[in-house]
Amino acid sequence: METRTLIAPLASAGRAGEIAARLTEAIHLGLISDGEQLPPEQEFAQQLGVAPMTLREAISVLRERGLVETRRGRHGGTFVRRSLDPPDEPDTERLRAMTAGALRDIADEQLAITGVAARLAAERATPRSVRRILAHVDQLAAAATRGARVTADSRFHIEVAIATRSERLVRREVLLQSETAGMLWLPHLAASDVAAIGREHHEIAAAVAAEDAEGAQEAAERHVRSNLRRLTSGYLELIEDALGA
Amino acid sequence: MTESGGAGFRQAREAVTRLLDDQLVPLTGLAERFAGLVPGESVGQVTEKRHLAGLLPGIEAALQASDLAAGLGFAAAPGVVEDRDHYLLWLQKHAGGVRRLSLNLAPGDPDLYDYHDTEWFSGAQRLGAPAAYGPYVDYAGADLLVVTIAVPVLAGGRFAGVAGTDLLAEALEHRLIQLLRPLPGDAVLVAPDRSVIAAGTPRWMPGERLAVHPARDAGRYLAVETVNDWTGWVLALADATT
């Protein structure tokens, strides 16, 4: 590969995209409560360590995803909207704009991050982490809406990453979840897949609880591969719909 | 526990004990100020304005004075603060200075940050003594790898919450390494859940978990001793690997 391509500038969305991903997950994970007002722009940008312009870009992504709304006037500001059922159009559009190759590329990164996170979690998880991971398996099984499933799914994976005690793996898993979870849980996902994802999470959790590093990594890798197949089927269906229309 | 590993080992153990006990000083100070500000009969009607705001300058000063702490403050037990089962008065250090930690504590929100069941909170409550937990990635709070320590806070003799601090795992490790490295052999500091806090050797890495706790694996070590009763952490020394 030419050096030039390696030192090409980051996509302009780089920094803003990362902030948008962090905030999306913070909202999904319930770290920010529904209806909460975000701090004033200048202050918030300083808190996050980014330029106000970058924050504005990130907030507009959240607005598109229906996660915040900005009200004008005396009691105006930007407020968190954590609806139980976020609209699926933005995620459908994102999936439609993908390619199978791009989905495979995301899954490749996930194999590296999610697979290794599961292995290290099995080696290092504290009893509390194990309890939380198992609670998120149950949470997904009990989830009935798209919003609840996206949340339970991302939380499960982030909790596994937290159990590794690696700040870096947590950060990467958060980015991956905010990129993929919304596209996975779209209406076309078959009921059999919904059940299978639950079983796959359970399998990973059981291996982590049993301190079975090999088993946890293998289960996580199988899960990533199955999700890639699910995402690609969804993507191809969207292409087919477009052809038919 | 195994016999002493010599004078060097004893001195290192004492220095680790002191380092950790020192971290409790600002917390017991905060607990005393709390007891002074909150009379027993106000439990259940405690408010930030009437009672707790007076704690802030002390919290800020203690946080600024510590070279290990990323955050420090008070976390309430249920039924203490008026209308709030979850209440934090917790400051965090940032590049720009000190800021109050804001978490989702909205009553009734299924996703509220329920710290009541964390080891540091419930540990201090159950034992009526200081408790330590970590290192762990505190994604909701500090978003860093931390060790949290907490001491119980009483109002009118009754448990009212904890005074706690998040110690940066990196900063703590840096201090510990300097005590462990000079020891004649491979030294490791281990939490009760088998997590490695710090090691003076590449044989063990911080954040990893040992397969067997040194106290149950005495044959492998020259010496194994508890550093403080309240952390339950043990310092273990093994023959240097060649």
Side-chain angles (χ1 to χ4, degrees), chain A residues 22 25-39 42-49 80 82 84 117 120-132 135-136 139 142-143 147-148 151-152 154-155 158-171 173-174 211 213, chain B residues 70 86 92 94-123 132-148 168-170 173 191-197 204-212:
Chain A
R22 260 318 286 274
E25 281 311 308
I27 294 168
H28 280 156
L29 297 180
L31 301 180
I32 313 179
S33 56
D34 191 31
E36 195 173 319
Q37 185 174 3
L38 298 182
Q42 199 74 30
E43 189 189 321
F44 200 23
Q46 204 187 351
Q47 261 184 45
L48 297 166
V80 170
R82 193 150 52 90
L84 282 176
L120 295 180
E123 288 174 4
R124 302 177 185 170
T126 60
R128 177 181 163 80
S129 275
V130 170
R131 279 200 306 279
R132 291 184 62 95
H136 292 318
Q139 202 180 12
T151 301
S154 333
R155 275 184 185 198
I158 292 170
E159 203 62 50
V160 170
I162 285 174
T164 67
R165 308 183 200 208
S166 162
E167 290 168 27
R168 283 165 179 260
L169 282 179
V170 173
R171 241 175 272 141
E173 188 62 61
V174 164
E211 302 188 12
Chain B
H86 295 84
Q92 282 189 323
H94 285 272
V98 161
R99 189 171 60 235
R100 179 146 177 201
L101 173 66
S102 145
L103 288 175
N104 178 6
L105 301 174
D109 191 317
D111 294 317
L112 107 166
Y113 180 65
D114 189 3
Y115 58 82
H116 291 153
D117 73 343
T118 59
E119 276 82 349
W120 51 270
F121 189 91
S122 65
Y133 179 61
Y136 67 102
V137 177
D138 183 19
Y139 187 69
D143 196 16
L144 293 165
L145 192 67
V146 296
V147 172
T148 301
L168 278 173
E170 273 186 14
E173 184 211 307
D193 68 0
R194 295 179 274 139
S195 302
V196 174
I197 314 290
W204 302 291
M205 298 303 292
E208 284 182 353
R209 196 176 52 193
L210 300 183
V212 185

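When reading the values below, keep in mind they use all heavy atoms of this one structure, side chains included, and skip hydrogens, waters and symmetry mates.
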Quick one: what part of Ser166(A) sits under 4.5 Å from any heavy atom of chain B, side chain, backbone, both or neither?
-> backbone
Measure Arg131(A) against the heavy atoms of chain B and call it side chain, backbone, both or neither at under 4.5 Å.
-> side chain
Per-residue tally against chain A (heavy atom, under 4.5 Å) across Thr118(B), Asp193(B), Leu210(B) peaks at Thr118(B)
Sidechain N-carboxylate O distance under 4.0 Å for Glu211(A), Arg194(B) = yes
Does a side chain donor of either Thr126(A) or Arg209(B) reach within less than 3.5 Å of an acceptor in the other side chain?
-> no
Could you have a look at Ala125(A), Gly49(A), Gly35(A) and say which one has the most heavy-atom pairs with chain B under 4.5 angstrom?
-> Ala125(A)
Carefully, step by step, assess Asp117(B) and Arg128(A) under the rule side-chain contact (heavy atoms from CB on, under 4.5 Å).
-> CA-CA 9 Å; Asp117(B) 73 343; Arg128(A) 177 181 163 80; 3.3 Å; yes
When you measure from the side chain of Glu167(A) to the backbone N and O of Leu144(B), does any donor-acceptor pair fall under 3.5 Å?
-> no
Are any non-hydrogen side-chain atoms of Ser195(B) and Arg124(A) less than 4.5 angstrom apart?
-> no
Count the heavy atoms of every other residue, nucleotide or ligand shown that sit under 6.0 Å from CD of Glu170(B), and state whether that count exceeds 12.
-> no
Look at atom CZ of Arg100(B) and say whether more than 12 heavy atoms of other residues, nucleotides or ligands are closer to it than 6.0 Å.
-> yes
Between Val137(B) and Ile162(A), the two heavy atoms sitting closest are O-CG2, 3.6 Å
